[in-house]
Protein chains: 2
Amino acid sequence: MKSQPRTHKGQATQAKLLHTALECFAAQGYRASSMRVIAARAGVSLSHAYYYFQSKEDIVAQLLLNLRTEQLQKCVAHLDEGNTLESNIRVVYDAALEVMEPYHDFGPTFLKVLLSREAANEEIAHIELSLWEKAVAGSRPLPPLGIRRDLPRFLWLLSNQVFTAWAYDNSKDHRRSKLLMKNTAPVVAKFAVLCRLPVVRSLFEDVLSLLDSGKDIHDEPASGDHKSAAARAS
Amino acid sequence: MKSQPRTHKGQATQAKLLHTALECFAAQGYRASSMRVIAARAGVSLSHAYYYFQSKEDIVAQLLLNLRTEQLQKCVAHLDEGNTLESNIRVVYDAALEVMEPYHDFGPTFLKVLLSREAANEEIAHIELSLWEKAVAGSRPLPPLGIRRDLPRFLWLLSNQVFTAWAYDNSKDHRRSKLLMKNTAPVVAKFAVLCRLPVVRSLFEDVLSLLDSGKDIHDEPASGDHKSAAARAS
DNA sequence: TCAAGTTTTTGAACGCGTTCAAATAATGGG
DNA sequence: CCCATTATTTGAACGCGTTCAAAAACTTGA
């Protein structure tokens with residue numbers, strides 16, 4: 001998404017473009033929704049689409065953001081009913097499936113958007129994380145105190161793996177990745193409970209600190225200002 | 001890769017094409033090595049390249065296969081010296097880095113090749129798995145008997161995650177993913193030792209059976225011949 | 001109102017991966 | 001040897017994502 005348009009008409013055009021694109025995406029799928037088609041259906045020249053969106057991937061990122069928002073709305077109510085963690089995990093996955101199923105052929109592009117993290121994707125990441133936060137906070141019994149704070153991050157990273165499997169799953173009706181989601185929930189719930197044991201808990205922490213590897217590495221440390229610090233304290 | 005060429009000259013042309021492509025890949029990187037450039041440098045028309053290779057991705061798959069082979073050769077000797085599992089894991093990762101560093105911009109395409117598993121990729125998967133088998137079998141002390149058989153598969157799947165991180169790592173010199181590799185080794189080694197405990201061991205088995213989810217799902221079960229069976233017996 | 005500046009919109013082009021029908025070369029049986 | 005068949009090779013094209021210089025429309029200050 002390019003920097004905000006200056007005028008009202010500009011904003012309207014951008015909105016129409018985005019709206020048309022999402023319509024095409026839903027109706028024709030990824031391949032058939034070329035930039036030319038989108039621009040034409042929005043009554044706009046091809047190159048003008050690039051005035052408002054840096055790339056096609058950019059529009060797909062918007063789609064993904066919308067889908068995540070929809071997913072959040074769909075399941076936020078169910079996450080607060082005092083169900084088990086296992087049940088909550090399934091709620092999140094089921095909502096994801098429900099919302100994203102029509103867009104399965106966007107999978108690889110979604111993945112690209114998620115993996116090459118940039119400014120625009122932060123919003124998506126924030127929604128995903130808050131989903132798992134609610135899943136944890138609303139579960140009864142609550143997971144062990146020691147992991148309660150970090151469990152959402154763990155579930156989030158795990159869900160990215162599951163999402164990867166879904167994106168490239170070409171089995172009929174994506175049965176393979178659906179089964180993966182179904183089986184993931186109880187295993188994770190069991191794991192959470194076992195984290196009461198110090199041995200298991202220390203493994204959990206090892207894995208988490210692994211995932212934070214290089215979090216504090218700044219690419220261009222030209223200025224002498226060092227601010228890395230210890231991100232994950234006690 | 002299309003079905004084998006029928007004549008000797010055909011094989012020679014295919015070989016030259018592949019050879020030229022790999023040269024271009026090494027010298028100019030992914031983007032600059034267009035099919036047109038490769039074909040031209042091989043002294044062959046553009047469309048002819050498609051007679052021998054179904055797609056550009058197909059050639060990249062060959063590159064990945066070569067790199068994995070090179071990686072295997074590079075570290076197979078070190079894996080048999082009776083070092084610790086941790087040390088062996090690092091040997092495998094270090095060899096991967098050494099071999100693949102010049103091809104970092106192929107990362108996303110490599111990933112696509114690996115994730116959309118098809119016939120051609122089985123060979124790559126086989127090499128990767130055998131790498132981890134050697135890493136486990138050659139380590140002293142040997143990991144607990146109960147996980148010794150399945151640990152290689154676990155390490156393999158884990159390495160795919162690490163590989164994903166590397167592929168999309170745009171920190172300077174890929175420091176982030178390098179750090180991830182370095183930190184992964186001791187954590188996994190510790191995990192392997194802890195698998196002596198029944199609790200941890202049962203978690204290990206849960207995770208593994210998760211990864212096998214849907215292994216026995218056949219896409220086109222038109223014929224009545226059911227052969228799924230139990231893949232992972234005691 | 002007019003001119004200067006900025007924002008919006010366009011048409012034409014580039015190079016890419018890929019496809020295809022048709023031309024050429026090699027092969028093998030009568 | 002010649003012809004039918006098969007294998008190899010080509011040129012031309014398609015649609016794609018993306019870029020760019022320049023036109024058009026709009027805004028604003030004098």
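Residue numbers start from 1 in every chain, and the chains themselves are labelled A, B, ... in the order their sequence lines are given, proteins ahead of strands. What you are looking at is a predicted structure, and each value in this text was computed from that prediction instead of being measured.
Counting to the nearest Å, the P atom of dA12(D) and the NE2 atom of His48(B) are 18 Å from each other. Put simply, CZ on Phe53(A) is 15 Å from C1' on dT8(C), counting in whole angstrom units. Nucleotide dA12(C) holds its C1' atom 15 Å from the OH atom of Tyr50(A), rounded to whole Å. Here the P atom of nucleotide dT9(C) and the CD atom of Gln14(A) are 11 Å apart, to the nearest Å. Distance Gln54(B) CD to dT18(C) P: 10 Å, rounded to the nearest Å. Note: OH (Tyr52(A)) to P (dT7(C)) measures 12 Å, nearest angstrom. The distance from atom CG of Leu46(B) to atom C1' of dG15(C) is 12 Å, rounded to the nearest whole Å.
Contacts between residues 24-41 of chain A and DNA chain D, defined by a heavy-atom separation below 4.0 Å, involve Ser34(A), Met35(A), Arg36(A), listed by number.
Classified by interplanar angle (parallel below 30°, tilted 30° to 60°, perpendicular above 60°), the ring pair His48(A)/Tyr51(A) is parallel.
With respect to the salt-bridge test (charged N to carboxylate O, under 4.0 angstrom), the residues Lys178(B) and Glu101(B) qualify.
Listed by chain and number, the residues in a ring-ring contact (aromatic ring centres under 6.0 Å, His included) with Phe154(B) are Phe191(B), Phe204(B) (sequence neighbours excluded). Remark: Ser159(A) engages Trp132(A) in a side chain to side chain donor-acceptor pair (under 3.5 Å) (not counting sequence neighbours). Ser177(A) meets the side chain to side chain donor-acceptor pair (under 3.5 Å) test with Asp169(A); sequence neighbours excluded. Every residue two or more places apart in sequence or in another chain that forms a side chain to side chain donor-acceptor pair (under 3.5 Å) with His104(A) is listed here: His174(A). With sequence neighbours excluded, the residues that form a side chain to side chain donor-acceptor pair (under 3.5 Å) with Gln71(B) are Arg68(B).
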Side-chain donor-acceptor pairs of residues 15-27 of chain B under 3.5 Å, sequence neighbours excluded:
| unit_1 | atom_1 | unit_2 | atom_2 | d |
| --- | --- | --- | --- | --- |
| Thr20(B) | OG1 | Lys16(B) | O | 2.7 |

Watson-Crick and G-U pairing of DNA chain D, under 3.5 Å, as dot-bracket with | and [ ]
||||||||||||||||||||||||||||||
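For residues 86-100 of chain A, no pair satisfies side-chain hydrogen bond (donor to acceptor under 3.5 Å, both in side chains), with sequence neighbours left out.
Contact annotation: Ser47(A) does not reach the phosphate of dT19(D) (side-chain N/O to OP1 or OP2, under 4.0 Å). Taking only side-chain nitrogens and oxygens, Tyr51(B) never comes nearer than 4.0 Å to OP1 or OP2 of dT9(D).
Here dG17(C) is the nucleotide among dT9(D), dG17(D), dG17(C) with the atom lying nearest to any side-chain atom of Lys56(B).
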